[in-house]
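See below for the structure under consideration.
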Amino acid sequence: MSEGDGLRARLSAQALSVWAKHDKDNGGWLPLWCHMHDSAAVAGLLWDCWLPARVRALVGRVLPEGEVDGRRLAVWLAGVHDIGKATPAFACQVEVLADRMRAAGLEMPSRRAVGADRRLAPHGLAGQVLLQEWLEEQRGWPGRVTGQFAVVVGGHHGVPPDHPSLRDLDGRWDLLRTPGGNEGVWRRVQGELLDACAAEFGVEGRLGEWRGVRLPQPVQVVLSGLVIMADWIASNEDLFPYFPAGSECGAGSGRAGAAWRDLDLPGSWRPVVPRDGVGELFASRFDLPAGAVVRPVQAAAVETARGMPEPGLLIVEAPMGEGKTEAALAAAEVLAARAGSGGVFFALPTMATSNAMFPRLLSWLDRLPAGDGDRLSVLLAHSKAALNKDAAELRAGSRKRIASVDVDGAVQTVSAGGEAAASAELVAHHWLVGRKKGMLSSFVVGTVDQLLFAGLRARHLVLRHLAVAGKTVVIDEAHAYDTYMNTYLDRVLGWLGAYGVPVVVLSATLPAARRRELAQAYAGAAGDDERFVPVEQAREYPLLTAVSRGAVPVLGRPAVSGRGYEVRVERLDDGLGVLADRLEAELAGGGCALVVRNTVGRVLETAKALRERFGPRAVTVAHSRFIDVDRAENDHRLLELFGRDAAVRPGRHIVVASQVAEQSLDVDFDLLVSDAAPVDLLLQRMGRLHRHAREGRPAVLRDAKCLVTGVDWSAAVPKPVRGSEFIYGRHALLRSLAVLLPFFDGGRPVDLPGDISALVQDVYGGGQVGPADWAPALEEARLVHEKLQAGKADRAEQFCIGEAGKDGRPLIGWLAGSVGDADDTRAGRAQVRDSEECVEVLVVEELGDGSLATVHWAGEGRGGLALPTDAVPSPEAARAAAACGLRLPVAMAKPHIVDRVVAELKQFSFEKWQTKENPWLAGQLILPIRPGCQTSLAGFRLMYTRENGLEVSNAR
DNA sequence: AAGAAAAAAAAA
């Protein structure tokens with residue numbers, strides 16, 4: 001398509017005089033007509049070379065001439081997005097450029113004369129009003145249908161206008177056209193620009209038909225996102241130089257083509273439905289051990305993905321260790337190909353699990369079929385991704401494939417195994433960085449928060465939506481989220497359904513009611529939709545649930561792979577002496593025990609008592625109150641001692657841990673002692689028991705055994721310790737104990753994974769559980785629980801976007817009451833998790849001479865690096881210090897004390913560190929640990945040791 | 001009074 005000098009040729013000198021951009025450093029500027037050209041050209045290139053097929057189809061589906069119309073619409077909207085700059089309210093801002101316009105005949109008052117009223121007419125809003133007026137008056141559209149198109153212009157600064165601001169501007173046409181004799185000139189120029197865009201960008205002949213279109217809100221969103229992306233690229237002065245120098249390179253396709261080559265944005269992934277059988281598919285995509293067989297759940301997931309009427313939501317429920325991750329990736333490849341997704345977003349509950357997933361995704365990408373020269377953009381997305389080694393390597397380009405040129409000159413890539421294989425180059429593209437642009441990378445591994453943000457009313461939300469709309473989404477550990485996060489998740493799923501984004505949800509222990517909620521949210525179904533009753537009633541495990549929009553959900557019931565074992569559960573009275581005695585008896589012949597406590601306080605007091613009994617070397621502590629590097633090292637050491645291939649497994653050892661031992665660590669113990677916890681978590685903990693087949697377990701420990709403690713069992717209704725009740729609530733704890741009653745003390749053993757589903761469903765279902773005399777206590781707990789959950793849901797709604805509105809209803813007011821941008825208030829930050837306030841510090845060491853350094857034991861060359869307080873620390877030292885983050889206990893973040901804590905920490909925020917060249921440390925709170933590990937803060941005495949982590953006592 | 005783990009932060 002020719003996008004040459006056409007726009008300029010269509011415009012009068014007056015219209016050509018309108019400016020759009022100005023660089024006050026060098027006086028460079030850009031006329032509006034040129035920025036219109038640039039933006040439109042970039043939008044066309046994005047449409048052709050970057051936008052995933054799914055998004056093109058989504059837009060095309062609602063327009064009379066399909067995707068051809070879709071491209072025209074995107075290009076035209078990008079072309080006109082800054083029309084609001086052709087107003088006195090905008091143009092008066094730069095005197096010298098305003099004078100050019102005045103000389104051409106466009107009169108306007110000075111900036112000062114317009115004054116504060118200028119903010120009534122920000123150029124996005126002004127543009128929307130002008131475009132709506134033009135469609136109505138010049139093209140004869142009914143007023144009510146113009147908003148659905150014009151809101152894309154109105155929202156191009158990240159927030160679609162709301163009704164009050166439209167109303168406020170309505171009475172102020174003087175801001176859009178200088179009143180009096182010159183008004184007609186302004187009107188003509190604005191009309192001229194819009195006429196020229198319509199003609200130049202090929203929509204002149206289309207507007208007649210488009211007035212009958214009702215644009216669904218999801219389409220308005222992705223178009224808004226695309227226009228913003230085009231604007232950001234076209235506003236890059238390096239790519240699109242300002243005038244007068246920039247005028248040399250002409251306008252339109254030549255200028256844009258050169259910029260596009262310089263930008264070098266990787267295109268999106270173009271998946272193809274694999275034709276292989278499931279066995280071949282798994283063998284080619286994953287590095288499986290020799291002789292590995294595809295598990296029934298994996299095969300069923302792929303077959304279901306192939307067979308669903310429309311690619312939609314696939315929920316996979318199966319026990320740990322059934323290869324759900326591989327199943328998800330294989331199913332995602334099929335679904336992505338069917339839906340036309342251009343990438344995958346893999347969402348996990350924590351930064352640690354995201355970090356662990358990242359290299360697995362990279363090696364899967366290496367094995368995906370690819371065409372010559374394909375490049376795929378990849379990103380690790382969470383707040384500390386910058387500290388991750390794999391992500392840093394990718395950024396440094398070290399993962400570039402080693403290309404060898406064979407005789408015919410065809411470039412072949414060499415895979416890690418040495419054999420030649422077509423493989424795409426994986427890149428972390430420089431443009432695709434930052435909070436708002438990163439998600440636009442084709443492949444993203446990140447925390448689920450990054451997905452939930454798609455439900456948060458915040459500026460530039462449309463970019464995040466554009467990013468997810470073009471992907472297939474995998475959500476891991478879907479049971480791990482609370483009511484607050486689930487409110488966001490369900491809302492986001494509704495939008496994903498509307499975009500036709502395929503979603504794979506993974507869970508080991510999903511309550512049936514949640515299963516139904518997820519399915520209905522995605523399908524956009526009403527809460528009482530009868531078709532979803534079977535989804536909630538299904539009791540099989542493993543279980544697949546496939547939901548296509550508008551179709552009846554389909555359930556699949558693959559077999560288990562046959563591995564399984566039994567765990568005997570037993571009640572143990574709470575008390576350190578009781579515990580030590582029992583462990584002494586159980587471990588008399590050696591063996592390794594895991595003791596899981598629900599609070600850090602209990603972990604530390606237990607460890608102290610057990611060290612006295614068994615000696616300091618026989619006891620290890622693990623919880624989250626360690627600095628990041630120590631926490632990682634703790635995990636690493638546990639794997640080394642108790643992992644699958646542990647060569648140095650101790651003869652007799654006890655690990656005392658908080659909930660950190662519950663998740664994602666592939667460790668194996670001979671005996672488990674656990675504080676009472678909700679049954680799904682207790683089952684997770686039991687998963688650390690006899691995980692691997694091992695020779696030579698001591699005879700007494702040959703049967704897997706779990707002792708449940710942390711409860712006063714003598715009470716009429718068992719009474720969990722205080723901390724447990726605070727954390728999990730009496731409701732979940734009591735119901736869990738109730739369903740475990742038949743298993744306790746010589747009852748039948750828990751069958752893993754056979755009993756998992758029934759136990760979870762009984763606890764989280766509404767049915768009667770427990771003996772009759774527990775009933776009043778259970779009922780009371782239920783009421784408290786329901787009130788608490790309702791409160792969480794209410795709080796979540798406060799900043800959660802609504803469901804997609806009726807087709808054709810403009811996005812006006814979509815983000816009204818948003819959390820805003822660059823939000824520095826404490827309340828404005830953590831919005832997708834319902835968390836209490838918390839204080840995070842970077843721990844550094846104060847040396848004998850009073851100087852600061854990174855903690856000496858940090859390892860990997862990070863320890864003992866000097867941190868001068870009167871200068872900017874070296875990048876290495878700063879980065880090492882940033883890897884020593886520590887969250888202070890919530891007690892120190894309570895409202896009455898937090899200000900004092902922060903104020904006292906501020907004495908260590910050194911002025912020289914607060915600079916842009918020091919991104920690792922600027923704005924961080926620093927906690928120096930004095931020699932002897934002690935320090936005091938806001939009346940608390942703090943002690944940090946490598947053995948126990950942070951210990952806090954109240955000195956007052 | 002105090003009690004888990006978890007996440008998070010620049011635009012045109």
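So that the names make sense, note that chain A is the first sequence line, chain B the second, and so on, each numbered from 1. Just so it is clear, the model here is predicted, and its values are computed rather than measured.
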Pairing of A/E951 and A/R625 as salt bridge, 4.0 angstrom limit: no

Nucleotide nearest A/H382 (side chain, heavy atoms from C-beta), chosen from B/dA8, B/dG3, B/dA6: B/dA8

Say whether A/H35 and A/D231, considering side chains only, have a donor N or O and an acceptor N or O under 3.5 Å apart. yes

Any base atoms under 4.0 Å from A/R625, or only sugar-phosphate, or nothing? Heavy atoms, all strands. sugar-phosphate

Nearest-Å distance, CZ (A/R631) to P (B/dA4)? 14 Å

Just call it for A/R887: base, sugar-phosphate, or nothing, with non-hydrogen atoms closer than 4.0 Å on any strand. base

Round to a whole Å and report the spacing from CE of A/M351 to C1' of B/dA7. 6 Å

Counting heavy atoms from C-beta on, name the nucleotide in B/dA11, B/dA8, B/dA5 closest to the side chain of A/R435. B/dA11

Between B/dA12 and A/H460, is there an OP1 or OP2 to side-chain N/O distance shorter than 4.0 Å? yes

Report yes or no: does A/H465 contribute a side-chain atom to a donor-acceptor pair with the main-chain N or O of A/A454 at less than 3.5 Å? yes

Please tell me which of the listed nucleotides, B/dA12, B/dG3, B/dA8, lies nearest to the side chain of A/K894? B/dG3

Does any residue of residues 720-732 of chain A have a heavy atom under 4.0 Å from DNA chain B, and if so, which ones, in number order? A/R722, A/F726, A/I727

Indicate whether OP1 or OP2 belonging to B/dA6 is found under 4.0 Å from a side-chain N or O atom of A/T447. no

For A/E633, all residues meeting salt bridge (charged side-chain N to carboxylate O under 4.0 Å, His left out), sequence neighbours excluded: A/R637

Protein-nucleotide distance (A/L456, atom CG; B/dA8, atom P), rounded to Å: 13 Å

Using whole Å, what does the distance between atom P of nucleotide B/dA7 and atom CG of A/D628 come to? 9 Å

Look at all strands and tell whether A/E662 reaches a base, only sugar-phosphate, or nothing, counting heavy atoms closer than 4.0 Å. nothing

Could you state the atom-to-atom distance from CG of A/L842 to C1' of B/dA8 in whole Å? 14 Å

A/H156 near the nucleic acid: base, sugar-phosphate alone, or nothing, with a heavy-atom cut-off under 4.0 Å? nothing

Look at the side-chain N and O atoms of A/S624 and state whether any lies under 4.0 Å from the OP1 or OP2 oxygen of B/dA5. yes

Could you tell me the separation between the NE2 atom of A/H123 and the C1' atom of B/dA11, rounded to a whole number of Å? 12 Å

Of A/W431 and A/A622, whose nearest nucleotide on DNA chain B comes first from the 5' end? A/A622

Could you please name the option among B/dA9, B/dA7, B/dG3 that lies closest to any side-chain atom of A/T599? B/dG3

Considering only NZ, NE, NH1 and NH2 on the basic side and carboxylate oxygens on the acidic side, decide whether A/K21 and A/D38 come within less than 4.0 Å. no

With A/K85 via salt bridge (charged side-chain N to carboxylate O under 4.0 Å, His left out) - residues at least two apart: A/D82

Distance-only polar pair, side chains of A/H479 and A/D680, donor-acceptor under 3.5 Å: no

From the set B/dA8, B/dA5, B/dA11, return the single nucleotide nearest to any side-chain atom of A/V600. B/dA5

Can you measure A/K437 atom NZ to B/dA11 atom P for me and round it to whole angstrom units? 11 Å

Under 4.0 Å between a side-chain nitrogen and a carboxylate oxygen: does that hold for A/K906 and A/D899? no

Rounded off to whole Å, could you give me the CH2-to-C1' distance for the A/W29 and B/dA12 pair? 19 Å

Do the side-chain N or O atoms of A/Q450 get closer than 4.0 angstrom to the phosphate oxygens (OP1, OP2) of B/dA8? yes

Out of B/dA9, B/dA12, B/dA7, which nucleotide sits closest to the side chain of A/F453? B/dA9

